[in-house]
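Below is one structure; the comments refer to it alone.
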Amino acid sequence: MDDTIFALSSGAPPAAIGVVRISGPKAGDAVTALAGSIPKPRRASLRNLRDSDGAELDSALVIWFPGPKTSTGEDLAEFHCHGGRAVVLAIENALASIDGLRRAEPGEFTRRAFANGVIDLAEAEGLGDLLAAETDLQRQAAQASAGGGLSRKVEGWRDRVLYLSALVEAVLDFGDEDDVESLPEMFHVELSALVGEWREAIEAPRAERLRDGIRIVFAGPPNTGKSSLFNALLDEGAAIVSEEAGTTRDVIERPVAFAGVPFILIDTAGLRDEGAGAVEQIGIGRARQELERADIVLWLGEEGEGPSGAWEIASRSDVDGQGKNQPRHVVSAVTGDGLRELLEDIVATGRSLLPKPGLAALNQRQGAALADALAAIEAIGRDDDPLLTGEKLRLARLALDRLLGRHSTEDMLDALFGRFCIGK
């Protein structure tokens with residue numbers, strides 16, 4: 001990372017203020033070139049910015065952050081300029097003309113923070129989720145991870161595994177002495193406590209469900225009111241409603257938040273075995289795939305014929321009355337009857353499927369790493385050779401290190417930081 005990068009780190013112009021960030025070994029040279037000299041560290045200084053020809057670019061606040069105690073772990077500077085497109089472009093062009101400076105790639109500032117040890121991978125993933133958060137629940141969970149809540153918990157687990165490893169080493173080194181013959185009972189008590197905590201964390205709701213939304217699938221045979229109910233909950237005509245069977249031939253998805261809980265509503269093709277054309281059959285196949293991925297299935301077909309755990313919905317109370325013997329909800333997309341109660345049930349169930357507000361949740365990658373750590377220590381038996389026990393603890397520590405990103409592949413890092421915007 002010998003080169004120096006720059007980018008607009010605030011919102012897209014036009015805006016009241018634009019923040020141009022510079023990070024790298026030549027950040028100080030860039031400040032001197034445009035502002036005349038480097039101001040006192042961490043103090044906003046009003047300067048006239050000029051290009052290499054001496055032409056004035058803007059009057060801006062300049063802030064200098066000498067490394068390594070910065071957000072990227074290296075020398076960093078910010079120009080707080082006027083947020084017009086022409087002003088920002090002029091400053092960027094002036095920086096680009098300086099030898100050794102280049103425009104940043106998406107997520108490159110955060111990637112440098114990770115590479116320089118300012119943040120770990122779990123914090124970087126939390127930051128990515130925070131940037132994408134659209135509901136308050138998403139914001140709270142992402143802040144917990146980005147703020148290091150998950151990392152501190154994992155570091156605590158790692159310290160406890162390291163302590164257990166030290167007990168094993170004591171047995172290996174001093175096993176012939178009278179006071180050190182075998183692993184103490186506290187070793188197994190602590191091991192059991194870790195197993196319980198890790199199982200609980202692995203079984204808890206994942207971050208993806210909160211980030212992507214709880215998937216609610218509207219399912220049933222043709223002409224059972226799926227699209228009508230879908231539209232009624234969305235309060236928009238997203239799906240075509242018709243008396244003709246097989247109108248919905250593909251999956252229709254709409255992200256929505258009810259009471260701050262993120263959902264994805266999914267309307268599907270009517271499920272039938274006969275009478276479907278080639279295109280409709282493709283839609284039916286996709287509908288069955290969605291049923292396998294669903295968190296909640298609203299079943300509008302014959303009672304008892306839906307997937308296990310599906311909610312029985314009597315969807316035409318204005319025409320059929322109750323319609324089913326034991327429906328979970330009786331609704332009408334035409335009159336609106338029962339929709340409020342259905343929404344309240346959806347929100348309450350949705351909250352129970354999400355991580356607890358404000359607590360950091362594991363994502364799929366982190367959960368897999370913790371599962372590897374759990375498998376390693378669950379394989380430890382009371383009568384194991386201490387050498388085998390020590391090796392299993394070492395594997396658990398390596399899995400925790402992977403969770404924090406201490407052993408990461410470039411492809412995985414490219415995928416993560418590619419989600420970030422330029423300037424972050």
Side-chain angles (χ1 to χ4, degrees), residues 1-119 123-124 126-128 130-133 146 413-414 416-424:
M1 296 185 182
D2 294 332
D3 52 352
T4 298
I5 58 174
F6 67 88
L8 178 68
S9 294
S10 55
I17 299 294
V19 179
V20 178
R21 178 183 289 179
I22 312 162
S23 182
K26 290 195 174 183
D29 294 341
V31 171
T32 301
L34 271 67
S37 62
I38 298 177
K40 292 182 179 180
R42 294 175 172 79
R43 292 188 181 181
S45 176
L46 182 63
R47 300 291 181 90
N48 290 324
L49 304 184
R50 299 180 182 277
D51 63 17
S52 58
D53 296 326
E56 185 171 341
L57 304 173
D58 191 28
S59 180
L61 290 176
V62 179
I63 309 178
W64 169 245
F65 303 93
K69 294 183 178 180
T70 68
S71 60
T72 59
E74 55 192 13
D75 288 347
L76 186 142
E78 291 181 349
F79 296 150
H80 293 230
C81 59
H82 293 92
R85 290 189 180 89
V87 172
V88 171
L89 182 60
I91 293 174
E92 289 181 329
N93 287 340
L95 291 172
S97 68
I98 300 174
D99 185 46
L101 268 69
R102 63 171 176 82
R103 299 177 192 273
E105 299 293 332
E108 193 167 3
F109 286 94
T110 308
R111 185 163 185 164
R112 290 192 174 203
F114 168 73
N116 291 324
V118 178
I119 60 174
E123 291 171 312
L127 180 57
L130 183 61
L131 295 174
L413 296 178
D414 289 343
L416 168 63
F417 294 112
R419 292 171 45 200
F420 287 58
C421 59
I422 295 175
K424 192 61 182 174

Problem set entry | Electrostatic pair D75:R112 at N-O distance under 4.0 angstrom |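 Looking at R112 together with D75, the answer is no, because their closest N to O distance does not fall below 4.0 Å.
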Problem set entry | Side-chain touch S71/V118, heavy atoms, less than 4.5 angstrom | no
Problem set entry | Beyond-backbone contact of I38 with T32, side-chain heavy atoms, under 4.5 angstrom |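 Sidechains of T32 and I38: in contact.
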Exercise. Are the side chain of R47 and the backbone of F79 linked by a donor-acceptor contact shorter than 3.5 Å?
Worked result: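 Side chain of R47 to backbone of F79: no pair is present.
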Exercise. Got a donor-acceptor contact below 3.5 angstrom from the D51 side chain to the D53 backbone?
Worked result: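 Yes.
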For this session: Would you sort out whether I5 and R102 count as a side-chain contact (heavy atoms from CB on, under 4.5 Å), showing the intermediate values?
Result: CA-CA 5 Å; I5 58 174; R102 63 171 176 82; 3.6 Å; yes
If you compare all heavy atoms of [X] against all heavy atoms of [Y], which two are closest, and at what distance to 0.1 Å?
X: V62; Y: A35; value: CG2-CB, 4.2 Å
X: G24; Y: T4; value: C-OG1, 3.4 Å
X: T110; Y: A124; value: CG2-CB, 4.5 Å
X: S45; Y: P39; value: CB-CB, 3.6 Å
X: A30; Y: I22; value: CB-CD1, 4.1 Å
X: A44; Y: I63; value: CA-CG1, 3.9 Å

For this session: Could you list all the salt bridge (Lys or Arg N to Asp or Glu O under 4.0 Å) pairs where at least one residue sits in residues 28-46, not counting sequence neighbours?
Result: none
Exercise. Going by the salt bridge (Lys or Arg N to Asp or Glu O under 4.0 Å) test, which pairs reach into residues 78-94, not counting sequence neighbours?
Worked result: R21-E78, E92-R103
Using 0.5 Å steps for rounding, measure from the [atom1] atom of [X] to the [atom2] atom of [Y].
X: I119; Y: T72; atom1: CD1; atom2: OG1; result: 10.5 Å
X: L127; Y: F114; atom1: CG; atom2: CZ; result: 13.0 Å
X: L89; Y: L8; atom1: CG; atom2: CG; result: 11.0 Å

For this session: Determine, step by step, whether T70 and N116 satisfy the side-chain contact (heavy atoms from CB on, under 4.5 Å) criterion, reporting the C-alpha distance in whole Å, the side-chain angles of both residues, the deciding distance to 0.1 Å, and the verdict.
Result: CA-CA 10 Å; T70 68; N116 291 324; over 6 Å; no
Exercise. Heavy-atom count around H80 NE2 within 6.0 Å, excluding the residue itself: above 12?
Worked result: yes
